[in-house]
Amino acid sequence: MLGVVTAVIARDLKLAMRRQADIVSALFFFIIVVSLFPLGIGPEPDLLRKLAPGVLWVAALLATMLSLPRLFADDHRDGTLEQLALSPHPLGLVVTGKVIAHWLVSGLPLTLIAPVLGIQFDLSTEALLVLTGAILLGTPALSGIGAIGAALTLGLRGGGVLLSLLVLPLYIPVLIFGAGAVDATVSGLGGEGHLSLLGAMTFASLGFAPWASAAALKIALE
Amino acid sequence: MLEADNLECVRGERRLFAGIGFKLGPGELLYLKGRNGAGKTSLLRMLIGLLPPEAGEIRWKGEPIKAAGEIFRADLCYLGHLNAIKEELTPLENLMVAARLADETLSEDDALDALEQVGLAGREDLACKYLSQGQKRRVALARLVQERRPLWVLDEPFVALDVAAVDWLAQLISAHLQRGGLAVMTTHQPVDIPAGTVRELGLS
């Protein structure tokens, strides 16, 4: 059963490595958007510290959105999606592999670069740690929820805009608890509660989203 | 083995066909014929379970394909209009990945041998985006060389192939039928496939 998940992950990672421009452009988008804020606001450390979690999280949501339309579109266009749907494995497992691969090439790089970007906002070490942890815990949920949107808008004209309208509202809980974790830590309340909720959202979305996406994909393939 | 009863297909507001039925046993080949837009591809997609029929039922080994699910799909090999190959991967990688995702064991030697048979020797390590249309089609067809699943559903398999490749593919399908396999295919080209029983189904 797990063989198909690792096979899909291995395939998608190999494809991503052959098309590095996609990974790099989403990552640079994240870096640039986050870096524009300190430049625009000016050297006011208090204000920057307050803004940092929200800015990083909103930029992470938008950077994730960039790569979502292609999650299933390429496979749909060249016919491999049909073959995946006809493989003897449940389609939900195949989609699980695709979601994990998507996180590895979009969410993981964002997580790794986030602490470096946080320094621009004069965040304390503790706040940086919590921020990175929150992004690490929250981004898989972004990939999972995004997969449902990508599957529902597959094959539609102007699907990209519709995808944003569909998915961004669903990202709100992740945004609130992700940014909230840092605020709570800075104000001394402790961010554990927020982080636990983020983890719960990630587990729920990784368990549920692939099967919802698979149902949507089957309709798209009819 | 493969039975269809009273199938009906509606696409949009139009009814493409109704009351289509057939029975196909081991070693038999079914040709679907009909003009463009008659619903040949729709019927094929029904047979593989991607398109639910408006009415009627399709059974594999006596069981409805929807209920048989994974058991049916493990017996099925489908080759569609699209080649289902990844442009960024090499022909060899494409074959290996496709086999792994379909839960088949394919050794690298067998894959190389299959590529040689379709005339792609020397191009195993070239990304597929550099291949011509016909060569891409050959990469897709190379999957069939080691394919031992009993039911082949082929949508226009001869498109974009030269004369020698058409003969080669006809031999391949014939060998599959002699092993007791079943095949359903559409084609506009008259191709002579030496097989035991050839059935024809016309869609109008």
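Here the structure is a predicted model, which means the values were calculated and not measured. Chain letters run A, B, ... following the sequence lines, proteins first, then strands; residues in each count from 1.
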Neighbour count above 12 (heavy atom, 6.0 Å) for [X] [atom1]:
X	atom1	value
B:Arg199	CZ	yes
B:Arg148	CZ	yes
B:Phe17	CZ	yes
A:Leu39	CG	yes

Measure distances from B:Ile71 to the heavy atoms of chain A and classify the residue's part below 4.5 Å as side chain, backbone, both or neither.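 Neither the backbone nor the side chain of B:Ile71 comes within 4.5 Å of chain A.
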State, yes or no, whether a side-chain contact exists between B:Lys129 and A:Arg18 at a heavy-atom distance under 4.5 Å. no
Pairwise side-chain contact, A:Ser87 with B:Arg73, heavy-atom cut-off 4.5 Å (strictly under): no
Applying a criterion of heavy atom separation less than 4.5 Å, what residues of [range] form contacts with chain A?
range	answer
residues 18-25 of chain B	none
residues 150-165 of chain B	none
residues 86-104 of chain B	B:Lys86, B:Glu88, B:Leu89, B:Thr90, B:Glu93, B:Val97, B:Arg100, B:Leu101, B:Ala102, B:Asp103

Report the C-alpha distance between A:Asp78 and B:Leu82 in whole Å, list the side-chain angles of each, state the deciding distance to 0.1 Å, and finish with yes or no for side chain to side chain contact (heavy atoms under 4.5 Å, CB included). CA-CA 6 Å; A:Asp78 61 24; B:Leu82 300 166; 6.0 Å; no
As an exercise: rank [options] by heavy-atom pairs under 4.5 Å with chain B and give me the winner.
options	result
A:Arg77, A:Arg19, A:Lys218	A:Arg19
A:Leu15, A:Val4, A:Leu84, A:Leu221	A:Leu15
A:Asp74, A:Leu81, A:Asp75, A:Val8	A:Asp75

When rounded to the nearest 0.5 Å, the distance separating OH of B:Tyr78 from CD of A:Glu82 is 4.5 Å
Value for CD (A:Glu222) from OG (B:Ser42), rounded to nearest 0.5 Å, stands at 11.0 Å
How close do A:Pro90 and B:Glu70 get, counting heavy atoms only, and between which atoms?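 Of all heavy-atom pairs spanning A:Pro90 and B:Glu70, the closest is CG-OE2, 3.5 Å.
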Not counting sequence neighbours, which residues clear side chain to side chain donor-acceptor pair (under 3.5 Å) with B:Asp167? List them please.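 In terms of side chain to side chain donor-acceptor pair (under 3.5 Å), with neighbours along the sequence ignored, B:Asp167 is linked to no residue.
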